[in-house]
Participant: 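Quick one: the structure is below, questions incoming.
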Amino acid sequence: MNPNELSEQEVIRRNSLEELRKLGIDPYPHEGWEINASSTEILANFNPELKNFQEVSIAGRIMSRRIMGSASFAEIQDQFGRIQIYIKRDDICPGENKDLYNTVFKKLLDIGDFVGIKGYVFVTQMGETSIHVQELKVLSKSVRVLPIVKEKDGKLFDAFTDPEQRYRQRYVDLIVNPSIKEVFIKRSKIVNTLRDFYNSKGYLEVETPILQPLPGGATARPFTTHHNALDIPLYLRIANELYLKRLIVGGFDGVYEFAKDFRNEGMDRTHNPEFTVMEIYVAYKDYNWMMDFTEEMLERVALALHNTTEVPLGDKIIDFKRPFKRITMVDAIKEHTGIDINGMDEAQLKDVCKKLHIEVNETMGKGKLIDEIFGEKCESHYIQPTFIMDYPIEMSPLCKKHRSNPELTERFELMVNGKELCNAYTELNDPIDQYERFKSQLELSEKGDDEAMFIDLDFVRALEYGMPPTSGMGMGIDRLAMIMTNQVSIQDVLFFPQMRPEKKAKREDDTEAFQAMGIPTEWIEVIQKMGHTAEGIKAISPGKLHNDLCGFKKKNKLEIASPTQDQVKAWLAS
RNA sequence: GACUCCGUAGCUCAGCUGGUAGAGCAAUUGACUCUUAAUCAAUGGGUCGAGGGUUCGAAUCCCUCCGGGGUCACCA
């Protein structure tokens, strides 16, 4: 069927628009509607003895209707929830004219329409708090049919669960699956809690460029774009680290940013091309201080959301109670493989990898090898929040060398549920060392590592002016939201996860081309309805086209003469 | 990228080893003044994701493509 054609129910709803207008009712009125109560507020606080809520005015979507002759029940859904309304014909139509009830409410309104109602709250014989409607107004008509989800005793019937439709049409998901809203309300609360925490310490929220001439601060493939006036390539940021540290150089002692980062890499349950990262940099601190800070921060978030440090996640409970376990990377590997890699060279590490059945290749240096061992054998074991400390220097070109071991850096990652949640350094502020590190990244890149960092000379210049000792930390907000709201997929904590665009139905108007082929006008119409193009139709066998056309005619009972097989052959031959 | 499963009415789903497309909700018409997955009666609604093949005959079997889910790989 032609996608531009309306379904039966859509036609009916569009007709209702006209019927409403004929009755002098604007289905899309301009003026607002005063709201003095919400569904949840009424349900929580109504008390028949107090006689409160006797003049309520609310607005929302009609989500169900039960019509019984001259009285009806319906459910109205507002921002917070649903409440039942009771409509009696003679109450909303006190005079002779019963159109508002008989025609407008019963026939022209549908599930999904917005209405405003005024009335008083009461409890029905079945014991449900409801609004007795005294005034009803159409606020906005819906001409597309919502999925109908019903619920009884907490059980859902015909739930709207198809992930593709839920993500592509999130608005529908939010309307019919109210629990989805909760996830995003919690996400907002997470961000607010973090922001309040940082502000209470006196740190400054800042904004830094998303369009960057050099994509720095992380190892990842960027999206590339182009600035026309400057005629230069620009990259969407993969991290904001280097800009925030420039601000520390500039004299701010604490800066943070909630940043959308963009990485042109694979997508799966935990990766979306654009995602949100919070990065914070604090002067005169080191990574030990940052571990304490991170613990306090996450404990606060857990308490703000759950009133306890224990957070359910799948079949596990994650406990964010301070302090978290701390272990060095070398000890973590020792713990899970029994092998002490301390002091090993590249060849020895490769042997270890072989013994552990970890694939290696020529481009891998010491750092990468250690990272592989950790990733394969250790990472997934850290379910409860655990700081993994002291990473190999090759993997951390922006991080200060360890104060007691020059092969390591003062870096930690916080593992939760077997995944990285935070990443933090004692920041490298030695400009000479930083330049050398950038240069060795260049060597890695020449060796074939396609995600080694670019040299950012302006950043080195900034460090040359002097940066105070600083510790910085980055945290994936999407991942934090997944943990705190018990979701397994990043798509469930993003309103609009990236999807392949929907295939557009081609609507080419090839009327002239069809005419040139000698096809009669009445059949051109049919061919277009069947979705054929002038080019495409030539690839169809004349026999099949003949059959299809005659079949279409029969099916739709068209009063036009069938073409002969030879005629069809002639059209296609031209 | 590999493997695997899925795509049937507005929605949720049946449809066996090929033989004229089914149900519930929603819709339409009617009944009904406290219902709540309201109920009762009647009615309409589908080129079964797209294209090709096998066959007298394909929603069903085969191939290609499109879209999506899951697992893995790559990637933080």
Side-chain angles (χ1 to χ4, degrees), chain A residues 1-3 6-13 15-16 63-75 82 84-91 101 106-107 110-112 122-128 130 132 142-168 172 176 218-221 238-239 261 263-271 273 275 277 359 371 375 379 395 413 419-421 423 450-451 474 476 478-479 488-489 491 499-506 529-531 536 539-541 544 547-548 551-552 554-556:
Chain A
M1 189 61 70
N2 183 324
L6 298 173
S7 75
E8 181 199 23
Q9 294 191 49
E10 287 170 330
V11 171
I12 289 167
R13 288 190 178 207
N15 289 340
S16 297
M63 294 307 287
S64 72
R65 286 195 303 173
R66 295 180 284 278
I67 296 171
M68 299 161 301
S70 61
S72 298
F73 288 94
E75 280 176 301
R82 291 185 186 186
Q84 177 170 271
I85 63 171
Y86 175 67
I87 304 182
K88 216 168 152 179
R89 188 216 291 146
D90 296 336
D91 285 351
Y101 183 81
K106 276 170 72 172
K107 302 215 167 132
D110 293 287
I111 289 173
F122 73 111
V123 177
T124 66
Q125 288 175 12
M126 301 299 287
E128 177 147 351
S130 309
H132 191 122
S142 160
V143 295
R144 196 178 274 268
V145 186
L146 283 172
I148 309 294
V149 180
K150 297 209 170 184
E151 180 258 326
K152 172 154 175 124
D153 302 330
K155 252 195 240 165
L156 286 183
F157 297 84
D158 304 330
F160 180 69
T161 54
D162 178 18
E164 174 172 4
Q165 290 198 71
R166 285 189 45 227
Y167 301 147
R168 284 196 194 281
V172 176
V176 303
T219 53
R221 282 204 298 272
I238 55 174
D261 285 351
R263 296 187 184 176
N264 205 343
E265 289 166 352
M267 295 165 56
D268 61 29
R269 221 171 61 248
T270 54
H271 296 84
F275 57 103
V277 172
E359 271 185 52
D371 188 43
E379 194 174 57
M395 303 168 53
E413 291 193 356
K419 293 249 161 56
E420 171 201 346
L421 177 62
N423 182 18
D450 62 353
E451 41 173 52
D478 308 293
R479 286 189 182 175
V488 291
S489 166
Q491 293 169 307
M499 302 281 275
R500 194 180 294 277
E502 283 179 273
K503 199 173 69 178
K504 271 205 200 119
K506 247 208 208 150
K529 268 191 185 154
M530 291 169 74
I540 300 171
S541 85
K544 173 165 171 48
N547 268 334
D548 286 352
F552 189 93
K554 193 172 178 183
K555 187 175 173 60
N556 294 282

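By convention in this document, chain letters (A, B, ...) are assigned in the order of the sequence lines, proteins followed by strands, and residues within each chain are numbered from 1.
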Participant: In terms of the angle between their ring planes, are A:F73 and A:Y86 parallel, tilted or perpendicular, with boundaries placed at 30° and 60°?
Facilitator: tilted
Participant: Distance check, C1' atoms only: B:C40 and B:C48, in whole angstrom units.
Facilitator: 32 Å
Participant: Rounded to the Å, how far apart are A:E379 CD and B:C75 C1'?
Facilitator: 12 Å
Participant: Could you tell me whether A:Q491 contacts a base, only the sugar-phosphate backbone, or nothing, with contacts defined as non-hydrogen atoms closer than 4.0 Å?
Facilitator: sugar-phosphate
Participant: Measure from CZ on A:R221 to C1' on B:A76 and round the result to the nearest Å.
Facilitator: 12 Å
Participant: Taking only the side-chain heavy atoms of A:M126 (C-beta and beyond), determine which of B:G68, B:A76, B:U35 contains the nearest atom.
Facilitator: B:U35
Participant: Which distance, rounded to the nearest 0.5 Å, do you find between the CZ of A:R13 and the CG of A:L6?
Facilitator: 12.5 Å
Participant: Distance from A:I87 atom CD1 to A:I67 atom CD1, nearest 0.5 Å?
Facilitator: 8.5 Å
Participant: Using atom C1' in both nucleotides, what's the gap between B:A73 and B:C11 to the nearest angstrom?
Facilitator: 37 Å
Participant: Nearest to the side chain of A:D268 - B:U35, B:A73, B:G68?
Facilitator: B:A73
Participant: Looking at every heavy atom in both A:D261 and A:I238, which two are closest together, and how far apart are they?
Facilitator: OD2-O, 3.2 Å
Participant: Which listed nucleotide (B:U12, B:C75, B:C32) is nearest to the side chain of A:Q165?
Facilitator: B:U12
Participant: Would you say the side-chain atoms of A:R166 pair up with the backbone N or O of A:F160, donor to acceptor, closer than 3.5 Å?
Facilitator: no
Participant: Rounding to an integer number of Å, can you tell me how far A:F73 CZ sits from B:A38 P?
Facilitator: 12 Å
Participant: May I ask you to say what A:R269 touches in the nucleic acid, namely base, sugar-phosphate or nothing, with a heavy-atom cut-off under 4.0 Å?
Facilitator: sugar-phosphate
Participant: Need one value for A:Q84: base, sugar-phosphate or nothing, where a base atom within 4.0 Å counts as base even if backbone is also close, heavy atoms only.
Facilitator: base
Participant: Pick the C1' atom in B:U60 and in B:C74, then give their distance to the nearest Å.
Facilitator: 38 Å
Participant: Where are the stems of RNA chain B, defined as at least 3 consecutive Watson-Crick or wobble G-U pairs with both distances under 3.5 Å?
Facilitator: B:1-7 with B:66-72, B:10-13 with B:22-25, B:27-31 with B:39-43, B:49-53 with B:61-65
Participant: Quick one: which of B:U36, B:A76, B:A38 gets closest to the side chain of A:E128?
Facilitator: B:U36
Participant: Please find the pair of heavy atoms, one from A:E75 and one from A:S64, that lie closest to each other, and give the distance.
Facilitator: OE1-OG, 2.7 Å
Participant: Once salt bridge (Lys or Arg N to Asp or Glu O under 4.0 Å) is applied, do any residues pair with A:E413, and if so which ones, sequence neighbours excluded?
Facilitator: A:R411
Participant: Regarding A:F122, tell me which of base, sugar-phosphate or nothing describes its non-hydrogen contacts under 4.0 Å with the strands shown.
Facilitator: base
Participant: Which pair of non-hydrogen atoms, one from A:Q84 and one from A:T124, has the smallest distance, and what is that distance?
Facilitator: NE2-CG2, 3.8 Å
Participant: Measuring only the C1' atom in each nucleotide, how far is B:C5 from B:G46? A whole number of Å is fine.
Facilitator: 25 Å
Participant: If you draw a 6.0 Å radius around CZ in A:R144, do more than 12 non-hydrogen atoms from other residues or ligands fall strictly inside?
Facilitator: no
Participant: Between A:K419 (NZ) and B:C75 (P), how many Å, whole number?
Facilitator: 15 Å
Participant: Whole-Å distance between B:G67 C1' and A:R166 CZ?
Facilitator: 17 Å
Participant: Can you give one letter per nucleotide of nucleotides 24-30 of chain B, going 5' to 3': B for a protein heavy atom under 4.0 Å from the base, S for sugar-phosphate only, - for none?
Facilitator: BSBSS-S
Participant: Using the P atom on both, measure B:C63 against B:U4 and round to a whole Å.
Facilitator: 11 Å
Participant: With P as the reference atom in both, quote the distance from B:A42 to B:A37 in angstrom, rounded to an integer.
Facilitator: 23 Å
Participant: Can you check the distance between B:G45 and B:C56, where both ends of the measurement are the C1' atom (answer in whole Å)?
Facilitator: 31 Å
Participant: Taking atom C1' in both B:A59 and B:U20, compute the distance separating them and give it to the nearest angstrom.
Facilitator: 13 Å
Participant: Give a yes or no on whether the backbone of A:E420 and the side-chain of A:R479 come within a donor-acceptor separation of less than 3.5 Å.
Facilitator: yes
